[in-house]
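Scroll down for the structure; my scribbles are underneath it.
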2 protein chains.
Amino acid sequence: MPERRARKDAVRNRAAVFAAADTLFTDCESPDDVTMADIAAAAGVGKGTLFRAFGDRAGLIRALYAARLEPVEEAVEAGPPPLGPGTPPLQRVPALLDALLCFKLDNRHLALALEGSGSGSPYRAAHYERWHTLLRTMLEGLPGLPDSGFAAHALLAAVRADLVEHLAGEERVPREVMRSQLADCTAAFIGSPRDPE
Amino acid sequence: MPERRARKDAVRNRAAVFAAADTLFTDCESPDDVTMADIAAAAGVGKGTLFRAFGDRAGLIRALYAARLEPVEEAVEAGPPPLGPGTPPLQRVPALLDALLCFKLDNRHLALALEGSGSGSPYRAAHYERWHTLLRTMLEGLPGLPDSGFAAHALLAAVRADLVEHLAGEERVPREVMRSQLADCTAAFIGSPRDPE
DNA sequence: TGTAGAAGCGGACCCCGGGTCCGCATTCTA
DNA sequence: TAGAATGCGGACCCGGGGTCCGCTTCTACA
């Protein structure tokens, strides 16, 4: 299989771009005052290199996002309860949403950049599809719930990046408050730990 | 009060731009392949006129959106039940969400353009604030519900333009199906017509 | 180690869309 | 009807994403 090994400088440059972009997005005010030229400059690299490595802006952002997301996916796929598999939905659904919320809080600009990346709706991203499928599957096991596909969409919509950003940034809702509010809402929806009167 | 009357040609042109933009957005594939130059051309007007009348692209979109939304606001503020005032929250909340869903279905591109308009998050729009306040107020009267502010955000997130667009466009969910799914979800959340066991 | 040629580099360049500007036309006021 | 004020419009600017191609650097093979 003639998949030739990548050249050393190529991997080095790719890594440099990756690191530069990561810090730039972390430190910026808003994701779209981080320009491709900025990234190239910060990485000490030409624009051509950058586009060769990642295709386009969206590709770069996806790559960064995926890298940051990896630990979460790991934890969901093979981690311990309550996130990992083998946990009953009543605990796992809130745990998943909480994890996503925390992730977006920790990676605000990146998530914002991804979800708002031009015309590409967030709903075409591969990882969205995965969360949605997982969530829907879990919801299906729950009694008294409506169409689980739509419900999964609705729950995921509650942790969308720009909403999270708005709450954290504009309304200055502290992290823990937000987490508990989300937990309460989730509980109200899937109807678990509200003690039955 | 020296607010001089606007010139005849000015109002005429403003109207022309308005109409042209409206049809363009309605007929387009995606809101961002309708360009400001296109609108000006379609209205038979120079770009300068267009920008003078509406400030910038976002302003124009807001104006269009507001015009389309007006009937809905009317119905909510002073219409008959279940949308109008004086309806108990248990019916009015679902009615409001349903109305919003229908609105977004009927004005997909416009809503998409508004919510995705560049850096401006949907959460800064004036009308969002109004829906949120109204919804929160209604939710406050309901028993067993968590923080109504967050809950209101979450419910509104379920009818966001790009989600609606995705469901209607990509997944080809028919209008009535979507409405009933939303209704079911709302019911599950505010906990109304699930008959108590 | 030398060398051929592929793989990659980089920044000048292009394109396109939002937004501005200013000389000219139109409309209001006296 | 003269003059001022207001508005018109399209040439123009700017900035960012994306491309291109002559040159450099690495690798494979001897």
Side-chain angles (χ1 to χ4, degrees), chain A residues 1-21 24-25 28-64 109-110 112-114 116-120, chain B residues 1-21 24-25 28-64 109-110 112-114 116-120:
Chain A
M1 190 98 306
E3 172 139 338
R4 326 177 56 96
R5 272 191 29 229
R7 267 170 52 168
K8 242 188 325 188
D9 52 351
V11 278
R12 178 174 37 75
N13 279 330
R14 187 183 163 95
V17 166
F18 207 84
L24 281 184
F25 274 115
C28 70
E29 198 70 22
S30 151
D32 47 36
D33 47 48
V34 144
T35 175
M36 293 302 264
D38 291 344
I39 299 175
V45 140
K47 280 178 67 178
T49 303
L50 192 158
F51 279 96
R52 163 176 299 269
F54 294 96
D56 58 2
R57 183 182 170 87
L60 172 54
I61 292 174
R62 270 196 305 270
L64 287 169
H109 300 131
L110 217 45
L112 224 42
L114 186 80
S117 88
S119 45
Chain B
M1 188 102 303
E3 173 141 334
R4 326 179 56 94
R5 275 196 23 232
R7 265 168 52 167
K8 243 189 327 190
D9 52 352
V11 280
R12 179 172 37 76
N13 279 330
R14 187 182 163 97
V17 166
F18 207 84
L24 280 184
F25 274 115
C28 71
E29 199 70 23
S30 151
D32 48 35
D33 45 49
V34 99
T35 176
M36 292 302 264
D38 291 345
I39 298 174
V45 141
K47 279 178 67 178
T49 303
L50 192 157
F51 280 95
R52 163 175 297 266
F54 294 96
D56 58 3
R57 183 182 170 87
L60 171 54
I61 292 174
R62 269 197 304 271
L64 287 169
H109 301 132
L110 217 44
L112 225 41
L114 186 79
S117 87
S119 44

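Heavy-atom basis, side chains included; hydrogens, waters and symmetry copies ignored. Chain naming here is simple, since letters A, B, ... match the order of the sequence lines and numbering starts at 1 in each.
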Testing the basics here: between [X] and [Y], what is the closest heavy-atom pair and its distance to 0.1 Å?
X       : Y        : value
B:Ala63 : B:Phe18  : O-CZ, 3.8 Å
B:Ile61 : B:Ala113 : CD1-CB, 3.9 Å
B:Asp33 : B:Cys28  : OD1-CB, 4.0 Å

Inset, instruction - Can you check each nucleotide of nucleotides 13-19 of chain C against protein heavy atoms at under 4.0 Å and return B for base, S for sugar-phosphate only, - for none, in 5' to 3' order? - result: ----SBB
Legend entry - side-chain hydrogen bond (donor to acceptor under 3.5 Å, both in side chains) pairs, two or more places apart, involving residues 7-16 of chain A: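 The answer is A:Arg7-A:Asp9.
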Legend entry - Atom pair CG (A:Leu114) and CG (A:Leu60), whose distance is rounded to the nearest 0.5 Å: 11.0 Å
In whole angstrom, what separates [X]'s [atom1] from [N]'s [atom2]?
X       : N      : atom1 : atom2 : result
A:Leu50 : D:dG16 : CG    : C1'   : 13 Å
A:Asp38 : D:dG16 : CG    : C1'   : 10 Å
A:Ile39 : D:dG18 : CD1   : P     : 11 Å

Legend entry - B:Phe25 backbone acceptor or donor facing B:His109 side chain under 3.5 Å: yes
Inset, instruction - Output yes when at least one side-chain N/O atom of A:Arg7 is less than 4.0 Å from OP1 or OP2 of D:dT27, else no. - result: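 Indeed not, no polar side-chain atom of A:Arg7 lies that close.
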Inset, instruction - Please determine if a side-chain N or O atom of A:Thr49 lies less than 4.0 Å away from the OP1 or OP2 oxygen of C:dG10. - result: yes
Which atom pairs, donor and acceptor, lie under 3.5 Å between side-chain atoms of residues 41-59 of chain B and protein residues at least two apart or in another chain?
from    : atom 1 : to      : atom 2 : distance (Å)
B:Asp56 : OD1    : B:Gly59 : N      : 2.9
B:Arg57 : NH1    : B:Val34 : O      : 2.9
B:Arg57 : NH2    : B:Pro31 : O      : 3.2
B:Arg57 : NH2    : B:Val34 : O      : 3.4

Legend entry - Selection: residues 11-19 of chain A, any non-hydrogen atom under 4.0 Å of DNA chain C: A:Asn13
Legend entry - Residue closer to the 5' end of DNA chain C, B:Arg52 versus B:Asp9 (nearest nucleotide):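 Result of the comparison: B:Arg52.
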